[in-house]
Amino acid sequence: QGFSLLLDLASIHLVWPRLQLHGVRGATIDVTSNEHLHTDGQHLRLQHHYAAADRIICAHDDIDWMPPHPRGVRYLMVTVRNATQDVTFTGLSLRSASYPVSHTGSFRCSDTLLNNIWEMCARTQAANMEDAYVDCIGRERGMYGRDTIIQYFVNLATFGDHALMGRCMELYGQSPDSTGKFRAVYPNTGDYTIADFALNMVEGYWDYYQHSGDLERVRADWDAIMNNLQWFHQLADERRDLLLDAEWHTKQHVTAHYGGFHGDLTSKGYMSNRGIHCMFSCTYLIALRRAVQLATALGDRAAARALQSRVTRLARSVRTKFWNPKLKCYSDNLTRDTHSLHASLLAVRAGAAPRSQWPHLRRHVARELHALFVNGFDPSAGCKASPNFAFYLFDGLYQLGLADTAEQFMRQGWGWMLAQSMQTCAEYFSTTASLCHAWSASPAYYLSKHVLGVHYPQAPDCSAVEIRVQTDSITHAEGAYPHPRGAVRVKWHLERGRRVFDYVKAPRGVRVKIIS
């Protein structure tokens, strides 16, 4: 009747499987791949969105076969049916299709769990780099805007490559749909926009320029960037305060993917996604600030002035309309029915929350993130934040000086992933979604940046490096952070409560300043 051969590669890889068999005339061969295994341990758990299977009808005794496109493979099953003689595998190989990069970055510290989290994130990032940054190699392999930006930062800490991001931004410059908004995933010609992803892309252009110095890419796409923002200007101008309505799509009778505003997938009732919304408005404010910086870099003074006027008005609106003086935190919307950590941290990221509010916000956010999972130990009852949106939350946490809260966030969320025997980062805190999703790999970037402490204060000029370590729980650390000329290498330890640097090494010609 036939037989099956099941291979487990331990973690998912993007490969071209090559099969060479003898004695298969008249046989049917199915080659299936997946990252999920059925509970019986013998079959793949195939789902409608994991359509990775090939069927080979053999007309000859010998075959030498490879699919036309690479496959995301954790488990590979080769099933041979109706063979009329003994079948011999004369060759079975897996040719890598991953983007070639050098593993320049490294990280080790006193916390073994954080070390394993960093390695898991780096492994996830390496797997999801093809001819563009892709969301996951086991499923649709799409270049999503938010995923691309997060992956670029993870890459900065692990590989230090800029060429791939340059290619992604070139594609996104071609992506606007009929409304002028950047598409959420590209290339495609469909109506596939997500409002906050389109705003994220403006920030993404600034991030790419700041780290690569490629101003020409920004110049080439400047019209697309401004047209993308114009759609949001029109939405904001419906109100004098410029705040954005998260339900714009229903009020305009527009059928939009993900409801028009993705936000973050939190436990039910934790964060309201209705009405005039703090997080959505802050995302717009961040995009405006980055657009001002881009306009200034390009020498477009008129655009910079017009955008700065919006920044001033919107920052005041966020600060006055969403601040809850009784609870000393930011509300999610004007009805003040929920007060997620997202609202407060995004207000900090957007530069809307004044320093006088920060002590209150530290207490509120630390209390909210004391337990990431609603039941305190696993995501079965829901969670307060997802691993992808953590990229933005981590940034706010470190700005507030909550390094310990950020590290606990990592230990709880990504430690849970490791406890499920995951080798790569899951799409969500779940075992049923994609198990290798690079938008969840941001801890690698934040650990390298803040525990090793490598900062570029004059970016995109990388000739000056500042070492500013920010951690509360780690007692020693060492590693390398990629630099355009090589790597910045740091090693430090605590000695009687004082941080002592064993060494800080930078490429020739790079000035280093240590800030204690």
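Everything quoted here is computed from the prediction, not taken from an experiment.
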Inset, instruction - Check the pair Arg219, Asp300 against salt bridge (Lys or Arg N to Asp or Glu O under 4.0 Å), reporting the backbone distance first and the verdict last. - result: CA-CA 10 Å; Arg219 194 183 310 278; Asp300 190 342; over 6 Å; no
Inset, instruction - Please check if the side chain of Arg362 supplies one atom and the backbone of Leu402 the other of a donor-acceptor pair under 3.5 Å. - result: no
Inset, instruction - Answer yes or no: does atom CZ of Arg489 have more than 12 heavy-atom neighbours from other residues, nucleotides or ligands under 6.0 Å? - result: no
Inset, instruction - Give a yes or no on whether Arg274 atom CZ has more than 12 heavy-atom contacts from other residues, nucleotides or ligands under 6.0 Å away. - result: no
Legend entry - Ring centers of Trp118, Tyr445 separated by less than 6.0 Å: no
Inset, instruction - Determine whether more than 12 heavy atoms belonging to other residues, nucleotides or ligands lie under 6.0 Å from atom NZ of Lys268. - result: no
Inset, instruction - Name the orientation class of the two ring planes belonging to His450 and Tyr446 (parallel below 30°, tilted from 30 to 60°, perpendicular beyond 60°). - result: parallel
Inset, instruction - Spell out, as yes or no, whether a donor-acceptor pair under 3.5 Å connects the side chain of His483 to the backbone of Cys462. - result: yes
Inset, instruction - Check whether the ring centres of Tyr205 and Tyr208 lie less than 6.0 Å apart, and answer yes or no. - result: no
Inset, instruction - May I ask you to check whether Tyr330 and His364 place their ring centers less than 6.0 Å from one another? - result: no
Inset, instruction - Could you point out which residue of Tyr152, Phe153, Phe409 forms a ring pair (Phe, Tyr, Trp, His ring centres under 6.0 Å) with Phe391? - result: Phe153
Inset, instruction - Salt-bridge test for Arg349 and Glu203: reply yes if a basic N is under 4.0 Å from a carboxylate O, no otherwise. - result: yes
Legend entry - Ionic contact status for Asp135 with Arg146, cut-off 4.0 Å: no
Legend entry - Steps toward side-chain hydrogen bond (donor to acceptor under 3.5 Å, both in side chains) verdict (Asp161, Tyr99): CA-CA 10 Å; Asp161 177 80; Tyr99 181 76; 3.1 Å; yes
